[in-house]
Amino acid sequence: MTDLAGGDAELIAASLEEPERFAALFDRHAPAIHQYVARRLGLDAADDVTAETFLTAFRIRARFDPARAGVRPWLYGIAAKQIGRHRREEVRALKLLARTGLDPVADSWTDSADDRIAAEAAARPLAGALARLSAGDRHVLLLFAWADLGYQEIAEALDIPVGTVRSRLNRARRKLRTATGAAGGPLIEARIHEGDPA
C-alpha cells in the first residue's frame, strides 16, 4: 500500500515550514497505528505508544527520506521501536490472551458464531506461541499480519534486508504451526503476497 493521495511525503516536507501540516499525517495514520499497537500491547498502552510514535516522527521528520521508504513503513518502524520499549507489556498481554482466550481489541474475527468459537479456541495457544517468539520474529510476523505491510515495507520499517524479513516470517510461521498444532490459521496463513512464499 502506498501513501495516500495528497502526498504523505509532501505533508512531511511542508510541515518543516508549517508544523501544523503534520496533523494531517496524524489524522490519516494514527487510527491504524493505534489499532496495531493495541493488538500488540493492549488498549492501556496503545494511546501512549501511538502518541510517542507520532511525537518521535514529528521530531525526526527532517530526516525522513522519501526515496528510502514510504511514510507507512517509516511510521510502523517508529512504532516497532516504541513497542520494543514496552516488550514486557506485550508479552503479558499475549499470556493473558493465552489464558483467557479473549482478545480485547478484535471486535470479531468472523461474522458467524461457529467461526467465532473456533477462532477463540485457537487464540489461546496462538497467543502463547506469539509470546514465546523472539522480538524480531514477532515484529515481522505482526507487521505482516496485523499492519498489512509487504515484505519490502517491513524491511524498510525495521531497517533490515528483505531476505531477513522472509526468513523471520518463515521461522515465525513454522514455530506457530508447531506450537499450535495447526496446519494454518488466520495469523499463521495471513495474506500471501504475490511472489511471497508461504
Side-chain angles (χ1 to χ4, degrees), residues 1-13 15 22 24-42 45-87 89-91 93-94 105 130-131 133-173 175-176 187-198:
M1 181 178 201
T2 58
D3 292 336
L4 299 173
D8 288 343
E10 289 82 10
L11 277 174
I12 291 176
S15 75
F22 195 83
L25 195 73
F26 178 86
D27 292 341
R28 286 181 183 175
H29 297 287
I33 296 288
H34 186 273
Q35 182 177 14
Y36 176 71
V37 173
R39 301 272 332 247
R40 300 273 319 254
L41 300 177
D47 291 342
D48 291 341
V49 172
T50 301
E52 291 168 11
T53 297
F54 281 91
L55 181 59
T56 300
F58 181 78
R59 286 183 183 146
I60 65 170
R61 70 191 188 283
R63 295 188 302 203
F64 173 74
D65 180 4
R68 184 183 161 273
V71 172
R72 279 177 22 109
W74 180 66
L75 289 170
Y76 277 106
I78 294 169
K81 288 178 183 153
Q82 297 297 330
I83 288 169
R85 293 186 177 112
H86 293 270
R87 187 174 184 287
E89 290 91 347
E90 178 183 31
V91 172
L94 287 168
V105 178
L130 282 171
L133 288 177
S134 72
D137 288 355
R138 191 168 46 250
H139 275 319
V140 168
L141 179 69
L142 297 180
L143 283 170
F144 181 77
W146 288 349
D148 200 33
L149 295 184
Y151 285 22
Q152 184 62 43
E153 291 175 309
I154 295 168
E156 292 168 357
L158 299 178
D159 199 23
I160 58 176
V162 172
T164 302
V165 170
R166 290 180 187 279
S167 65
R168 286 182 182 178
L169 186 57
N170 185 39
R171 182 174 46 245
R173 284 177 169 164
K175 287 179 179 180
L176 291 180
L187 184 61
I188 298 170
E189 301 303 332
R191 66 187 176 78
I192 303 297
H193 290 279
E194 194 171 308
D196 291 346

Task: Exceeds 12 heavy-atom contacts within 6.0 angstrom, atom NZ of Lys175 - done: yes

Quick one: [atom1] on [X] to [atom2] on [Y], what's the gap to the nearest 0.5 Å?
X: Asp137; Y: Leu130; atom1: CG; atom2: CG; result: 11.0 Å
X: Tyr76; Y: Asp148; atom1: OH; atom2: CG; result: 8.0 Å
X: Glu156; Y: Gln152; atom1: CD; atom2: CD; result: 4.5 Å

TODO: With sequence neighbours excluded, tell me which residues meet salt bridge (charged side-chain N to carboxylate O under 4.0 Å, His left out) with Asp47.
DONE: none

Let me check something: any side-chain donor-acceptor pairs from residues 56-63 under 3.5 Å, sequence neighbours excluded? List them with distances.
| residue | atom | partner | partner atom | Å |
| --- | --- | --- | --- | --- |
| Thr56 | OG1 | Glu52 | O | 2.8 |
| Thr56 | OG1 | Gln82 | NE2 | 3.4 |
| Arg61 | NE | Ser15 | O | 3.4 |
| Arg61 | NE | Ser15 | OG | 2.9 |
| Arg61 | NH1 | Phe58 | O | 2.7 |
| Arg61 | NH2 | Ser15 | O | 3.0 |

Would a 4.5 Å heavy-atom cut-off, applied to side chains only, mark [X] and [Y] as touching?
X: Leu11; Y: Arg28; result: yes
X: Leu176; Y: Leu141; result: yes
X: Val49; Y: His86; result: yes

Using side chain to side chain contact (heavy atoms under 4.5 Å, CB included) as the criterion, list what pairs up with [X], not counting sequence neighbours.
X: Phe54; value: Phe22, Phe26, His29, Ala30, Ile33, Thr50, Leu75
X: Ala135; value: Arg87, Arg138
X: Ala46; value: His34, Val37, Ala38

- [ ] Sort out for me which residue in Ile160, Thr164, Asn170 forms a side-chain contact (heavy atoms from CB on, under 4.5 Å) with Val140.
- [x] Ile160

Task: side chain to side chain contact (heavy atoms under 4.5 Å, CB included) evaluation trace for His139 with Ile83 - done: CA-CA 9 Å; His139 275 319; Ile83 288 169; 4.1 Å; yes

If you take all heavy atoms of [X] and [Y], which pair is closest and at what distance?
X: Phe64; Y: Ala9; value: CE2-CB, 4.0 Å
X: Ala80; Y: Leu158; value: CB-CD2, 3.7 Å
X: Glu153; Y: Pro73; value: O-CB, 3.3 Å

Open item on the list: I'd like to know whether Leu169 forms a side chain to side chain contact (heavy atoms under 4.5 Å, CB included) with Ile154, so could you lay out the CA-CA distance, the side-chain angles of the two residues, the decisive distance to 0.1 Å, and finally the verdict.
Closed with: CA-CA 11 Å; Leu169 186 57; Ile154 295 168; 6.0 Å; no

TODO: Evaluate the criterion side chain to side chain contact (heavy atoms under 4.5 Å, CB included) for residue pair Trp146 and Arg40; output intermediate values, then yes/no.
DONE: CA-CA 9 Å; Trp146 288 349; Arg40 300 273 319 254; 4.1 Å; yes

Task: By side-chain hydrogen bond (donor to acceptor under 3.5 Å, both in side chains) - contacts of Arg168 (at least two apart) - done: none

TODO: Run the numbers on Trp74 and Asp65 for side chain to side chain contact (heavy atoms under 4.5 Å, CB included), then give the verdict.
DONE: CA-CA 9 Å; Trp74 180 66; Asp65 180 4; over 6 Å; no

